[in-house]
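Keep in mind it's a predicted model, so treat the numbers as computed, not measured.
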Amino acid sequence: MEQKLKVGILGATGMVGQRFIALLENHPWFEVVTVAASPRSEGKSYQEAVGSRWKMTTPMPEAVKDLIVMNVNDVEKVASGVDFVFSAVDMTKEEIRAIEEAYAKTETPVVSNNSAHRWTPDVPMVVPEINPEHFDVIPFQRERLGTKRGFIAVKPNCSIQSYAPVLTAWKEFEPYEIVATTYQAISGAGKTFKDWPEMEGNIIPYIGGEEEKSEQEPLRLWGKMEDGIIQKAMGPKITCQCIRVPVLDGHTAAVFVKFKKTVTKAQLIEKLINFKGIPQELNLPSAPKQFIQYLEEENRPQVALDVNYENGMGISIGRLREDSVYDWKFVGLSHNTVRGAAGGAILCAELLKAKGYIKSK
């Protein structure tokens, strides 16, 4: 059997870092050998550093409990023992950009959950079913960084997962104007109800920076590579509101769409359920067999029933119906810390390995 690639988790003690560790337990290709976090956790065992702050519903994997937490700022030391890293560090955008580039320059690929590099022109931001060809920009990035194997790749914001794949599936019908409202879980802020009791029975109609990301990041996914950089698409036009709701996991979106072409409900549903990409073709370990499911019941999708569809890597759509102002409307649901965060990054890393961009050192 091929030896597993050695993985480091940067920001391993936070919620997304914990999700990486939970999802990578028994992964067929990757093994977590290094955990790194802020200097205050340095030198402690992972179990000791996390303490009572383990936020997953599954137990902490035995294999990581006794790993000694390294200082994420000791870049050369952390990088020396791994083939690549997942990044989920909690720093300012400037600090994240700097530290991820520093890791890349040690010839260590960085697959990041952070937003800091999503608009760096030669950094691919990828949902593997939507725009895997954007990984072709990596050689240009390596040239800029002066690396042979090091690079940075990122996944997009969690809030767009419940509608960007849908609009991609409907591309041939030419959607040109979209109104979306997302109802976002508290784990998107790295919190549980224990951390954030004031969210119980409450709604907060503001999430800093989220509306801009929700409107602009799909355009980068649909963009094209030109002259060694990714140029974002000019349309469709998206306007969005983002609301924090008292749900632990799962971002729901209510979406209205105008199309240039006339289309039937049957055609729209057929495109959704048959939509697949290279992860499905390659049968990557984390890839959902069915990427998008359509639910006929009037009261679906529901977080309580559908958030863990395809182990949290699939997307659930329902309530597709004609609209009196727009052409069609629907409700989407995705798991924000699995498909929308750590799981989406792991799927990116699997595809990068399959394409030969990530190899053992």
Side-chain angles (χ1 to χ4, degrees), residues 4-37 41 44-69 82 85-90 111 113 155 158 161-162 184-197 199-200 246-252 279 284-290 293 301-316 333-350:
K4 290 185 181 183
L5 292 174
K6 292 183 281 194
V7 176
I9 311 292
L10 312 181
T13 58
M15 181 176 269
V16 175
Q18 292 177 25
R19 181 67 76 183
F20 273 118
I21 281 166
L23 291 175
L24 289 167
E25 186 179 19
N26 302 318
H27 192 282
W29 295 359
F30 306 146
E31 180 183 3
V32 178
V33 299
T34 298
V35 288
S41 298
K44 299 175 182 176
S45 70
Y46 184 70
Q47 186 173 25
E48 184 187 2
V50 172
S52 62
R53 295 180 298 109
W54 180 254
K55 298 180 180 183
M56 301 296 104
T57 54
T58 52
M60 183 182 290
E62 290 295 326
V64 302
K65 284 183 176 178
D66 295 326
L67 291 179
I68 301 302
V69 179
V82 299
V85 295
F86 288 111
S87 176
V89 291
D90 182 13
V111 182
N113 181 70
K155 51 142 290 295
C158 53
Q161 310 288 334
S162 53
Q184 300 188 201
I186 64 171
S187 57
K191 295 183 178 170
T192 64
F193 287 109
K194 181 181 166 189
D195 310 319
W196 205 358
M199 269 309 301
E200 292 191 35
V247 164
L248 179 60
D249 292 314
H251 287 356
T252 299
L284 297 177
S286 298
K289 296 284 183 286
Q290 176 82 34
Q293 69 168 344
Q302 289 181 30
V303 169
L305 300 175
D306 304 309
V307 75
N308 290 313
Y309 168 63
E310 290 277 16
N311 300 312
M313 289 296 287
I315 290 157
S316 299
L333 171 67
S334 59
H335 196 305
N336 56 296
T337 67
V338 182
R339 168 58 78 162
I346 291 168
L347 189 60
C348 283
E350 291 168 358

Practice item. Would you mind reporting whether S286 and H27 have side-chain heavy atoms less than 4.5 Å apart? Key: yes
Exercise for review: Kindly give the heavy-atom pair with the smallest separation between A185 and N336, and that separation in Å.
Suggested key: CB-OD1, 3.8 Å
Exercise for review: Using a cut-off of 6.0 Å, state whether more than 12 heavy atoms not belonging to K44 lie near its atom NZ.
Suggested key: yes
Review point. When rounded to the nearest 0.5 angstrom, what is the spacing between NZ in K191 and NZ in K55?
Key: 8.5 Å
Study note, to complete from the structure: Here the gap from M313 atom CE to Q161 atom CD, rounded to the nearest 0.5 Å, amounts to 9.0 Å
Exercise for review: Step by step, work out the side chain to side chain contact (heavy atoms under 4.5 Å, CB included) result for Y46 and T13.
Suggested key: CA-CA 8 Å; Y46 184 70; T13 58; 4.1 Å; yes
Point to revise | Where E200 and P246 come nearest, the two heavy atoms and their spacing | key: CA-CB, 4.5 Å
Review point. Salt bridge (charged side-chain N to carboxylate O under 4.0 Å, His left out) with E62: which residues, sequence neighbours excluded?
Key: K65
Check your understanding: Would one find more than 12 heavy atoms of other residues, nucleotides or ligands at under 6.0 Å from atom CG of N311?
Key -> no
Check your understanding: How close do A88 and G17 get, heavy atom to heavy atom, and via which atoms?
Key -> CB-N, 4.0 Å
Practice item. Using the test ring pair (Phe, Tyr, Trp, His ring centres under 6.0 Å), find all partners of F20 that sit at least two apart in sequence or belong to another chain. Key: F86
**Study point:** V247 side chain reached by T252 side chain, heavy atoms, under 4.5 Å
**Key:** no
Study note, to complete from the structure: All heavy atoms of D249 vs all of V307, minimum pair found to be O-CG2, 3.7 Å
Review point. Between the main-chain N or O of C158 and the side-chain N or O of Q184, is there a donor-acceptor pair closer than 3.5 Å?
Key: no
Check your understanding: Could you give the distance from CD (E31) to CG (N26), rounded to the nearest 0.5 Å?
Key -> 10.0 Å
Study note, to complete from the structure: Scanning both residues in full, the closest heavy-atom pair of T192 with L248 reads CA-CD1, 4.0 Å
Review point. Going from CD on E48 to OG on S41, what distance comes out if it is rounded to the nearest 0.5 angstrom?
Key: 9.5 Å
Revision key, fill the gap. Rounding to 0.5 Å, atoms CG (L23) and CZ (F30) come to a distance of 12.5 Å
Check your understanding: How would you list, by chain and number, every residue that makes a side-chain contact (heavy atoms from CB on, under 4.5 Å) with L284, sequence neighbours excluded?
Key -> W29, P279, L282, A287, L347, E350, L351, A354
Revision key, fill the gap. Value for OG (S187) from CE (M56), rounded to nearest 0.5 Å, stands at 8.0 Å
Check your understanding: Which atom pair, heavy atoms only, marks the closest approach of P59 to W54?
Key -> C-NE1, 3.8 Å
Practice item. Kindly indicate, with the supporting measurements, whether the criterion side chain to side chain donor-acceptor pair (under 3.5 Å) is fulfilled by T337 and R19. Key: CA-CA 7 Å; T337 67; R19 181 67 76 183; 2.9 Å; yes
Study note, to complete from the structure: When T34, V16, V85, V32 are each screened for side-chain contact (heavy atoms from CB on, under 4.5 Å) with I9, the one that passes is V32
**Study point:** Trace of the side chain to side chain contact (heavy atoms under 4.5 Å, CB included) decision for L24 with V64
**Key:** CA-CA 11 Å; L24 289 167; V64 302; over 6 Å; no
